[in-house]
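Taking it in order: structure first as structure tokens, then the write-up.
When reading the values below, keep in mind they use all heavy atoms of this one structure, side chains included, and skip hydrogens, waters and symmetry mates.
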Amino acid sequence: MKAFLIDMTKCVGCHDCQIGCKDEHCEQAWMPYSEAQPEIGHFWLKLKQTERGAHSHVKVSYMPTMCNHCGNAPCMAAAKDGAVYRREDGLVIIDPVKAKGQRQIMEACPYHAVYWNDALNIPQKCTGCAHLLDDADSPIRVPRCVDNCHVDVILFGEEDQLDLEGAEVLHPEWGTQPRVFYKGLPKKFIAATVFDPQAQEIVSSAKVTAVCDEGSFETVTDDWGDFWLRDLPEADFDVTIEKDGKAVTMKVSTKDKDQGLPDIALA
């Protein structure tokens with residue numbers, strides 16, 4: 001069964017995958033798998049850019065997203081008359097003819113990866129570029145997004161031949177059995193700069209400890225007084241910063257967002 005593997009640690013946010021998808025499908029129908037993709041409004045592969053943190057401690061994450069070609073696909077359950085089907089290789093396809101007027105197919109996708117084409121009155125999404133996979137004469141025998149990525153962020157192949165150690169899927173709790181796997185999905189962080197208000201200097205080598213129900217996480221401030229507590233769970237933390245008998249404690253939550261905190265005075 002085919003699957004995608006996306007390594008977010010390599011992604012540089014160039015949008016080549018998204019551009020390649022648009023170039024392959026806009027103004028081009030690849031029947032029986034897809035009618036042409038509209039020039040605007042549809043992103044069968046979408047590169048999501050997320051700014052995380054605040055103040056002087058901000059990170060930007062880039063996440064390529066697409067149809068997950070789920071093993072337990074809600075769109076298939078919602079479709080009538082076999083309008084959504086699974087190929088032998090595992091790719092989930094919306095039949096452009098049978099799906100006409102079936103808006104519930106789009107509404108059933110919890111990942112919002114199915115789009116509605118108003119002009120054609122059909123739902124549309126990533127096909128895994130099934131037309132390229134089937135064309136023995138094509139110089140490209142992989143999805144266009146894979147071919148277009150110049151830093152090998154997106155891989156495609158047989159699931160048992162991909163290195164899925166440590167890989168995750170989006171929202172496994174939904175039970176959809178996604179076939180798009182991710183490495184390096186961003187976890188929450190807490191970061192700040194620590195300074196001594198009396199000396200009017202940053203504080204290096206201060207011990208930083210964050211404790212929550214899931215455990216304890218530690219680091220030290222660097223030569224610029226900065227600390228980064230990375231790969232944290234979504235939880236409420238008691239954060240303590242201490243050095244040379246001075247200490248400060250605060251409550252910080254990562255349940256809703258990453259935390260780039262204002263400068264912290266160690267007094």
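From Tyr33, atom OH reaches atom OG1 of Thr127 across 8.5 Å, with rounding to the nearest 0.5 Å. Atom NE2 of His57 sits about 13.0 Å away from atom CG of Asp258, to the nearest 0.5 Å. Note that OG1 of Thr65 and CG of Leu170 are 8.0 Å apart. Values are rounded to the nearest 0.5 Å. Going from atom CD of Gln37 over to atom CH2 of Trp44 covers 5.0 Å, rounded to the nearest 0.5 Å. Note that the CG atom of Asp222 and the OG atom of Ser205 stand 9.0 Å from one another [nearest 0.5 Å]. Residue Leu229 holds its CG atom at 9.0 Å from CD of Glu218, rounded to the nearest 0.5 Å.
Side-chain N or O atoms of Tyr115 include none that pairs as donor or acceptor with a backbone N or O of Pro38 at under 3.5 Å. For the pair Glu159 (side chain) and Lys2 (backbone), a donor-acceptor distance under 3.5 Å is absent. Distance alone, capped at 3.5 Å, is enough to place a donor-acceptor pair between the Thr221 side chain and the Ala206 backbone. Judged by distance alone, the side chain of His15 and the main-chain N or O of Gly13 form a donor-acceptor pair under 3.5 Å. Thr254 places no side-chain N or O within 3.5 Å of a backbone atom of Phe189 that could act as its donor or acceptor partner. Remark: the backbone N or O of Ser253 is paired with a side-chain donor or acceptor of Gln259 at under 3.5 angstrom. At distances below 3.5 Å, at least one donor-acceptor pair connects side-chain atoms of Lys125 with backbone N or O atoms of Val92. One N or O on the side chain of Gln18 and one on the backbone of Leu47 form a donor-acceptor pair closer than 3.5 Å. A donor-acceptor pair under 3.5 Å is formed between the side chain of His42 and the backbone N or O of Trp116. With hydrogens and angles ignored, the 3.5 Å screen pairs a side-chain donor or acceptor of Gln28 with a backbone N or O of Asp23.
Of all heavy-atom pairs spanning Ala247 and Glu242, the tightest one is CB-CB, 3.9 Å.
Under the side-chain hydrogen bond (donor to acceptor under 3.5 Å, both in side chains) criterion, His150 pairs with Asp16, sequence neighbours left out. Legend: residues meeting side-chain hydrogen bond (donor to acceptor under 3.5 Å, both in side chains) with Asp238, ordered by chain and number and at least two apart, are Lys251.
Cluster membership for Leu155 and Val180, using ILVMFWY side-chain heavy atoms within less than 4.5 angstrom, is not shared. In this structure, Phe156 is not a member of the same hydrophobic cluster as Leu5, with clusters built from ILVMFWY side-chain heavy atoms closer than 4.5 Å. Residues Met63 and Met66 share a hydrophobic cluster, clusters being chains of Ile/Leu/Val/Met/Phe/Trp/Tyr side chains in contact below 4.5 Å.
Using a 4.5 Å heavy-atom cutoff, the side chains of Asp236 and Lys255 are in contact. Between Thr209 and Ser216, some side-chain heavy-atom pair lies under the 4.5 Å cut-off. The closest side-chain heavy-atom distance from Phe237 to Lys188 is not below 4.5 Å. At least one side-chain heavy atom of Ile264 sits under 4.5 Å from a side-chain heavy atom of Phe227. Side-chain contact between Phe4 and Pro143 is present, with heavy atoms from C-beta onward closer than 4.5 Å. The closest side-chain heavy-atom distance from Val142 to Leu132 is not below 4.5 Å.
Within 6.0 Å of atom CG in Asp160, more than 12 heavy atoms from other residues, nucleotides or ligands are found, so the atom counts as buried in its surroundings. The environment of Lys187 atom NZ is dense: over 12 non-hydrogen atoms of other residues, nucleotides or ligands sit within 6.0 angstrom. Around atom CD of Glu173, more than 12 heavy atoms belonging to other residues, nucleotides or ligands sit under 6.0 Å away. The number of heavy-atom neighbours closer than 6.0 Å to NZ of Lys46, taken from other residues, nucleotides and ligands shown, is 12 or below.
The aromatic rings of His171 and Tyr111 lie tilted to each other, with the angle between the two planes from 30° to 60°.
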> Does the pair Asn72 and Thr176 meet the rule for a side-chain hydrogen bond (donor to acceptor under 3.5 Å, both in side chains), with working shown?
Replying inline: CA-CA 5 Å; Asn72 181 27; Thr176 57; over 6 Å; no
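Among residue pairs with one or both ends in residues 81-90, those qualifying as salt bridge (charged side-chain N to carboxylate O under 4.0 Å, His left out) are Arg87-Asp89, Arg87-Asp134; sequence neighbours excluded.
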